[in-house]
Novice: 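First the structure, then my questions, so here it is.
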Amino acid sequence: MSDLAHNLDSVHRRIERAAQSAGRDPATIALLAVSKTFPADAVREAHAAGQRAFGENYVQESIAKIETLADLRAELEWHFIGPLQSNKTKPVAQHFDWVHSVDRLKIAQRLAEQRPDGLPPLNVCLQVNISGEDTKSGVAPAEVPSVAREIAALPKLRLRGLMSIPEPADDAEAQRAPHRALRELFERLRAEGLELDTLSMGMSSDLEAAVLEGATIVRVGTAIFGARQYAQ
Ligand SMILES: *Cc1c(COP(=O)(O)O)cnc(C)c1O
């Protein structure tokens, strides 16, 4: 088994163990393999090992990768998870299946306008600034209900749920607290009638905490592909 196939296997086991301790069916938790900074060949190898959903953060890099992997397009699901400027929404609306990082209404409006006819609705998550840091993007929790309702009403988009990138924490309880807060917000929106099914939370270092709090998609990069190297 290649290193990558082995890593994928270990991540699946981590998800299964966490699901078991939470009394959840592991099949209700999807693994998004975050392939940012890794070449198209790494995606191809992960696909050969059974992985289907891939997460990308940078517009130019991801579009090049999607085009290189055009032969696999029907078998892959591409998720945009990085910060998105409003002048860069068009290629994302044209090439991706999901966007997790919608952090203001204007971005959602542009994605809706630019989603080509003939493609299925673009699945979107609203990114929430759950730890309340000034520097992190995301909608403030208090504003989430009104922004979510406006996004849910847009054509060509399907609002699936909420996403967050909490501040890193070491101990288990500190990791769970922001995930719990996101789940509570999610449950409130559902109780108010929004048809949401997705909680995108948890990464390499805190996926267990996220699964224990109800994550339906965990976004894992390092534990699958190894450490990222950024060009200088
Ligand atoms: C890079 C990234 C991840 C993956 O992080 P790892 O710690 O490498 O698992 C997940 N989500 C987002 C939004 C990211 O930017």
Side-chain angles (χ1 to χ4, degrees), residues 7-36 51 53-55 57 79-83 98-103 123-145 147-148 159-192 194-228:
N7 290 349
L8 267 172
D9 207 53
S10 321
V11 171
H12 281 295
R13 280 166 210 262
R14 286 176 61 190
I15 294 171
E16 276 159 29
R17 273 197 303 271
Q20 259 160 17
S21 37
R24 300 182 57 199
D25 176 359
T28 61
I29 302 145
L31 173 59
L32 180 64
V34 177
S35 47
K36 66 184 179 208
Q51 180 63 30
F54 293 88
N57 285 55
H79 295 232
F80 193 83
I81 62 173
W98 283 72
V99 178
H100 294 225
S101 44
V102 172
D103 63 358
N123 298 292
V124 300
C125 292
L126 187 56
Q127 183 174 346
V128 181
N129 185 0
I130 204 73
S131 307
E133 296 153 87
D134 294 342
T135 52
K136 280 264 168 68
S137 41
V139 178
E143 285 159 26
V144 167
V147 179
L159 181 64
R160 299 292 296 264
L162 304 179
M163 176 272 217
S164 71
I165 313 172
E167 206 171 349
D170 289 330
D171 74 280
E173 178 49 32
Q175 287 184 350
R176 283 180 70 163
H179 296 318
R180 184 179 314 130
L182 194 71
R183 172 175 44 86
E184 286 168 358
L185 195 52
F186 172 77
E187 281 168 0
R188 207 181 110 199
L189 298 177
R190 279 164 46 108
E192 289 171 5
L194 285 174
E195 286 178 33
L196 308 180
D197 61 7
T198 301
L199 264 177
S200 167
M201 56 188 200
M203 321 205 300
S204 292
S205 57
D206 66 346
L207 73 87
E208 285 85 358
V211 168
L212 288 168
E213 292 297 344
T216 66
I217 300 182
V218 292
R219 310 178 307 265
V220 178
T222 310
I224 296 173
F225 295 104
R228 287 180 289 275

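Worth saying up front: this structure is predicted, and the values here are computed from it rather than measured.
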Novice: Indicate yes or no: at least one non-hydrogen side-chain atom of E213 is less than 4.5 angstrom from one of E184.
Specialist: no

Novice: Quick check: do I29 and L207 have side-chain heavy atoms less than 4.5 Å from each other?
Specialist: no

Novice: Can you check whether Q127 reaches I165 side chain to side chain, under 4.5 Å on heavy atoms?
Specialist: yes

Novice: According to side-chain hydrogen bond (donor to acceptor under 3.5 Å, both in side chains), who are the partners of R228, at least two apart in sequence or on a separate chain?
Specialist: Y230

Novice: Which residues pass the ring-ring contact (aromatic ring centres under 6.0 Å, His included) test with F225, not counting sequence neighbours?
Specialist: F38

Novice: Quick one: do R183 and E187 make a salt bridge, cutoff under 4.0 Å?
Specialist: yes

Novice: Is it true that a side-chain atom of S164 and a backbone atom of V128 form a donor plus acceptor pair closer than 3.5 Å?
Specialist: no

Novice: N57 versus V34: any side-chain heavy-atom pair under 4.5 Å?
Specialist: yes

Novice: Identify whether the distance between the nearest side-chain nitrogen and carboxylate oxygen of R188 and E192 falls below 4.0 Å.
Specialist: yes

Novice: What residues form a side chain to side chain contact (heavy atoms under 4.5 Å, CB included) with A53, not counting sequence neighbours?
Specialist: L32, Q51, E77, H79

Novice: Looking only at heavy atoms, which two atoms of L196 and F186 are closest? And how far apart?
Specialist: CB-CE1, 3.6 Å

Novice: Of the non-hydrogen atoms in D103 and S137, which two are nearest, and what is the gap between them?
Specialist: OD2-CB, 3.3 Å

Novice: Would you check if the side chain of T216 reaches a backbone N or O of L199 as a donor-acceptor pair within less than 3.5 Å?
Specialist: yes

Novice: With side chains defined as the heavy atoms from C-beta onward, is the minimum distance between V218 and V11 less than 4.5 Å?
Specialist: no

Novice: Give the minimum heavy-atom separation between H179 and Q175, together with the two atoms involved.
Specialist: CD2-O, 3.1 Å

Novice: Sub-3.5 Å donor-acceptor pair from the side chain of S35 to the main-chain atoms of F54, do we have one?
Specialist: no

